[in-house]
Amino acid sequence: MNISHDVIIVGSGAAGLYAAYWSSTKADVAVLSKLFPTRSHTGAAQGGIGAALANEEEDKPLWHWFDTIKGGDYLGDQDAQKVLCYDAPETIYELEHLGVPFSRTPEGRIAQRPFGGHTRNFGERAVRRACYAADRTGHVILHTLYEQCVKQNVHFYSEFQVLDIILNEDKTKCTGVIAYDMLSGEVHTVSAKVVVFATGGSCKNYATTSNCQANTGDAFGILLRAGLPLEDMEFVQFHPTGLAGLGILITEGARGEGGFLTNADGERFMERYAPTVKDLAPRDMIAQCIYKEVLEGRGINRTGRICSEDYVYINLMHLGKEELQKKLPEISDFATTYLGIKPWEEPVPIMPTAHYIMGGIPTDVNGRVKRNAQGDIIEGLYAAGECACVSVHGANRLGTNSLLDLVVFGRRVGLHVAKNVDQIDYGQVPTLAAQATEQCIADLKQSTGTERHGAIHEDLANVMMEKASVRRTEESLTECRDALLELRQRFNNVGIDDKGNVFNSDLLETLEVGYMIDFSLVQVEAALARRESRGAHLRLDGPMGEDGKQQQMPRDDANWLKHTYAYLDNDTDVRLEYGEVYLLQDHAEDGWEPELIERFKPKERKY
Ligand SMILES: Cc1cc2nc3c(=O)[nH]c(=O)nc-3n(C[C@H](O)[C@H](O)[C@H](O)COP(=O)(O)OP(=O)(O)OC[C@H]3O[C@@H](n4cnc5c(N)ncnc54)[C@H](O)[C@@H]3O)c2cc1C
């Protein structure tokens, strides 16, 4: 079947739905999603969405901008980061008017809580910037946007999985996608003037993760195979507080409400590492500190190893049952259900969990996809949300800035599409556009291969966790790359047991594992090349220190203050290019004020 709409949005998280909402004011819009829309991972977001809403005395977008730059260890594009923080208040109010039921202060204003790395007056102290609806903030945003899209007659193709993109010969224009209908097993050619990828995160390639089953980074694999680059993929965020052994998230809102971490000595160890903001330091720092505590024998079980038996505690008892059930009901439930621990009675065991990908599909501030490090645009192709790299998060995202990224840039994509869609033509879609996908599915069904996706996925996730997670060295990354190349070989011998057409998850999960091998290779090669520590990318194989011990690599602005653009050639060869980071100091021609330029120059990050 051939499907055609002016605008096709791939993914129905908050980013995709906000883009759909605004573009549907001017165009015929359809959303394709491999899940039912309200099952998207946005619905799992707990703690809050950042915006400087308060009066000028208490908070302002300027301070939010500064925190975002510093939090990202100076790798974010400062002009894009400005858009994120200055668009924030009006976007939050728009969401409120669309019906998002935020929690309220006694005066009836939108309630806000502190979050890691968010400060008042350039680091003076923590500030209340995270707007929230209890610990179900993503859930209420997702449902509200879905209702608004239904009201606007956006067409939904649920349980349609996109497997390929249609580009013209020289990759300057996108004319559609190839989608698989899970219910019937049919492959459809979908043509459009505009395609928006909003496919979310990708952390299912790590063994311990907070991400849902659907976060397999399909778009990353699809675009890499089409010869397009991904940006800054070496930067993967580990959230400090996953339930130990499980990875299920305990929101940073728990620390925002006064929760704190302790080691085996009962010490509040973050006071040692970040004396000003302590347990509200950014995530990269806290995750690295937890690993250090455990490796130095101060994990609760004093194993001295990163293993399933060791962890540190988050303490919430002092908040009391009533407060916990009112402000953090979901995480109270998680601790009780999954660990049998009532957080008002006992501390909760936690360890870092793979949470978020800072890198992704390179875009400009209106979500238009770039096809190289020089910034050339692909006509008719946009990306928004976690799968996109605008880049506002640099080397480490601050908590609450992802939901904000989804709504600010999802909305901007929608507005930009609404304004321009009339000037865009439907491009040529080759008659045989779906042939390669159909062949690939037929081959898999006929394959006599003895490998299975489950075993390959497990080995992939374990090796990524062990060798390319919080702590990295040339040795660990090289071993990881070699293991991935072996997995690629094994994948060539994969077969499936279900040969049917109806809800064939065996087939789809096999294809997803293929995408995960693709972008994991890119993540590891980019990490191997980047010989410095910055944000979430910690390289331990630095020079020898005076104490005869190997130091971590320092941040190296002279050589590495640049964006990675990675391509994948012939399934296995990663090719790297580098692009400029937009710093105010390099763009005096844009009229930035001298004090701002001085303020935002890269410096050492201390909290
Ligand atoms: C447990 C948890 C808690 C979080 N809490 C917060 C928080 O408090 N604050 C914050 O700022 N951030 C938080 N985050 C991060 C934030 O929630 C995510 O970054 C964000 O929800 C991603 O939204 P998205 O719209 O980009 O994609 P998602 O909401 O992940 O949706 C992706 C969509 O793409 C579709 N899709 C994917 N692949 C395909 C394909 N091949 N074909 C068709 N459809 C496809 C899926 O069906 C889905 O609809 C949290 C994340 C997690 C995991």
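Count residues from 1 along the sequence. Just so you know, these numbers come straight off a predicted model, no measurement behind them. Both counts, for ligands and for their atoms, begin at 1 and track the order of listing. All values below were derived from every heavy atom in this structure, side-chain atoms included, with hydrogens, water molecules and symmetry-related copies excluded.
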Min N/O separation Ala15 to ligand 1 under 3.5 Å: yes
Ligand 1 versus Leu35: contacting region, heavy-atom distance under 4.0 Å: both
Per-residue contact class, Val10 against ligand 1 - non-hydrogen pairs under 4.0 Å: side chain
Polar contact flag for Ser40 and ligand 1 (N/O pairs, less than 3.5 Å): yes
His355 and ligand 1 - part of the residue with a heavy-atom distance under 4.0 Å: side chain
Polar contact flag for Ala14 and ligand 1 (N/O pairs, less than 3.5 Å): yes
Ring centers of Phe156, Phe36 separated by less than 6.0 Å: no
Lys/Arg cation over aromatic Tyr132: Lys327, 6.0 Å, 45° cone: no
For Ala198, atoms of ligand 1 separated by under 4.0 Å from a heavy atom: 32 (C), 33 (C), 34 (O)
Side chain, backbone, both or neither: the part of Leu403 lying under 4.0 Å from ligand 1 by heavy atom: both
Which segment of Phe160 sits under 4.0 Å of ligand 1 when only heavy atoms are counted: backbone
Polar proximity ligand 1 side, Val162 side, N/O cut 3.5 Å exclusive: yes
Nitrogen or oxygen of Gly47 less than 3.5 angstrom from that of ligand 1: yes
Selected option - heavy-atom contact closest to atom 2 (C) of ligand 1, from Gln46, His41, Arg39: His41
Any N or O of Asn211 closer than 3.5 Å to N or O of ligand 1: no
Arg397 charged N/C atom sitting above Tyr356 aromatic ring, 6.0 Å / 45°: yes
Which residues share a ring-ring contact (aromatic ring centres under 6.0 Å, His included) with Phe102, sequence neighbours left out: none
Gly48, any N or O under 3.5 Å of ligand 1 N or O: yes
His5 versus Tyr157, side-chain donor and acceptor atoms under 3.5 Å: yes
